[in-house]
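See structure below.
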Protein chains: 2
Amino acid sequence: MKRKPSEVPHISIERLILYRRCLLKLSCSEVFHVSSAVLGRITNVKPANIRKDLSYVGEYGKPGYGYEIDKLLAVIEKIIGINKLQRVIVVGVGNIGEALLCYQDWAARGFEIAGAFDKDRRKMGRVINGIEVRGDSEVLPFVKKEGIEIAILATPTEITQSKVNELAHGGMRGFYVFSPIVIDVPGGCYVENIDMISPLEFLVYRLKNKISK
Amino acid sequence: MKRKPSEVPHISIERLILYRRCLLKLSCSEVFHVSSAVLGRITNVKPANIRKDLSYVGEYGKPGYGYEIDKLLAVIEKIIGINKLQRVIVVGVGNIGEALLCYQDWAARGFEIAGAFDKDRRKMGRVINGIEVRGDSEVLPFVKKEGIEIAILATPTEITQSKVNELAHGGMRGFYVFSPIVIDVPGGCYVENIDMISPLEFLVYRLKNKISK
DNA sequence: TAGATTGTTAATCGATTAACAATC
DNA sequence: TAGATTGTTAATCGATTAACAATC
């Protein structure tokens, strides 16, 4: 039963993102099809759960054979919306920002870092992995000219919310934020927020209580 | 109804971690008590959901008044297991590793970076935020001597799994891994794994489908 | 064909939420 | 006391899973 994309459960979308990452790796090693059992072993997801998730996006499996990896990748990318290249910017070029600029798999995952911005004069002009670091004041004209909709914010926590406000005002619609705070955005804007410490705290909990997940 | 810690739903534990982060901030600004309604506004969680989560850890709220922040912090930290200082190591001092070493709130969150390790001779001996970077060969004796149970791995993806194997063999029990791969660990070991790109892909999905969460 | 594996069903399991009596 | 807010209930909502007919 094929649902409209917006009706696919969020948790299934998150797993589809995981499946894709593993499928990309398989397709690099000359594997052409995969069963839910094998993909389940790779991802630690139960085969029935995988088939259920995949059933939301259509019927692409062959009984007795499995799923064709290329076809599956294409349809998952379409559902997620990364079948076309996504151009994003990085704001804040500290250690996290630099790590992002240096990441080698952006293209494979469907993204391009169109620009990087920092307010520190000493960083301006530096070229990291082929990407020039520009001054903060250039960011609004840049995103307008280039039609960028998504920003990755790796700024100091204290200034992150005001940076989001400024960019939202300038038309930015998606924010991927690395500060450990809850971010507010105006209507029509979307934010994903990660706190890199929280999963470590969860790990402590699991360790103490012997919870294998 | 108080359950044993291991019976608190995982998703409630994740929210408790979020509540704690926000409560820590409140307690810094001289706020002494908070209602589920106010905490709900701060965290974007429904008040009923918060009260339900908190009911798993005991009865610490006063009707008409709310929750005493210090008390609540103490009990949440006890449940998660971070009421005592957690000493961890960082393996791999690239950009991500360095960002972790420079993080200023470790102590407030209940952690201490006991040591950092890298196999690059040029990084060995450097002192970052007061933490000396040691050679990779020192890691096993170090963790044995210091009784470290948790390692944060910010290594290149290609070597992460083998590093985990080596450390697990040396007695390490918890692994917090920054590589975008599924990590296998022996029984009795636990792993939390984050892929910094996946949430960005999820953001693209939400943007395309106007899903506010 | 025989073996393998899909897509779907229906039962089970678990999480969320509105409502409200209890109570500070 | 009156107002505010808790902790809990029970209904609702949503996700997981084993099982299996269908089918390549």
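Residue numbers begin at 1 in each chain, while the letters A, B, ... track the order of the sequences.
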Is Glu201(B) salt-bridged to Arg21(A), going by a charged N under 4.0 Å from an acidic O?
no
Quick check on contacts: within residues 27-45 of chain B, what sits under 4.0 Å from DNA chain C by heavy-atom distance?
none
Only Watson-Crick and G-U wobble pairs with both distances less than 3.5 Å should count. Give DNA chain C in dot-bracket notation, marking inter-strand partners with |.
..||||||||||||||||||||||
Residue pair Leu101(A) / Ile113(A), side-chain heavy-atom distance below 4.5 Å
yes
Could you tell me the separation between the CG atom of Asp53(A) and the P atom of dT8(C), rounded to a whole number of Å?
13 Å
Would you call Tyr176(B) and Val88(B) a side-chain contact if the rule is heavy atoms closer than 4.5 Å?
no
Out of dA19(C), dA18(C), dA15(C), which has the shortest distance to the side chain of Ile11(B)?
dA15(C)
Backbone N/O of Phe202(B) and side chain of Glu14(A): donor-acceptor pair under 3.5 Å:
no
Here the distance between atom C1' of dT6(D) and atom NZ of Lys62(B), to the nearest Å, is 12 Å
Are OP1 or OP2 of dT16(C) and a side-chain N or O of Arg15(B) less than 4.0 angstrom apart?
yes
Using 30° and 60° as the class boundaries, would you call the ring planes of Tyr103(B) and Trp106(B) parallel, tilted or perpendicular?
perpendicular
Which word best sums up how the rings of Tyr65(A) and His33(A) line up, parallel for under 30°, tilted for 30 to 60°, or perpendicular for over 60°?
parallel
Whole angstrom is fine here: how far is it from OH in Tyr65(B) over to C1' in dT5(D)?
13 Å
d(CD, Glu14(A); P, dG14(D)) in whole Å:
16 Å
Nearest heavy atom decides the nucleotide; on that basis, is Gly61(B) or Gly64(A) closer to the 5' end of DNA chain D?
Gly61(B)
Residue-phosphate contact under 4.0 Å: Arg51(A) side-chain N/O, dG7(C) OP1/OP2
no
Length of the line joining Ile13(A):CD1 and dA15(D):C1', which is rounded to integer Å:
15 Å
Taking Asp53(B) for the side chain and Leu16(B) for the main chain, is one N or O donor matched with an acceptor at less than 3.5 Å?
no
How long is the line joining CG of Asn49(A) and P of dA19(D), in whole Å?
16 Å
Rounded to the nearest 0.5 Å, the CG atom of Leu200(A) sits from the CD1 atom of Ile17(B) at a distance of 9.0 Å
dT16(C) P sits how many Å from His10(B) NE2, rounded?
13 Å
Round to a whole Å and report the spacing from CD1 of Ile50(A) to P of dA15(D).
17 Å
If the cut-off is 4.0 Å, is Tyr67(A) near the phosphate of dG7(C), judged by side-chain N/O to OP1 or OP2?
yes
What's the closest nucleotide to the Pro63(A) side chain, out of dT5(C), dT8(D), dT17(C)?
dT5(C)
Side chains of Leu54(B) and Val75(B): closer than 4.5 Å at any heavy-atom pair?
no
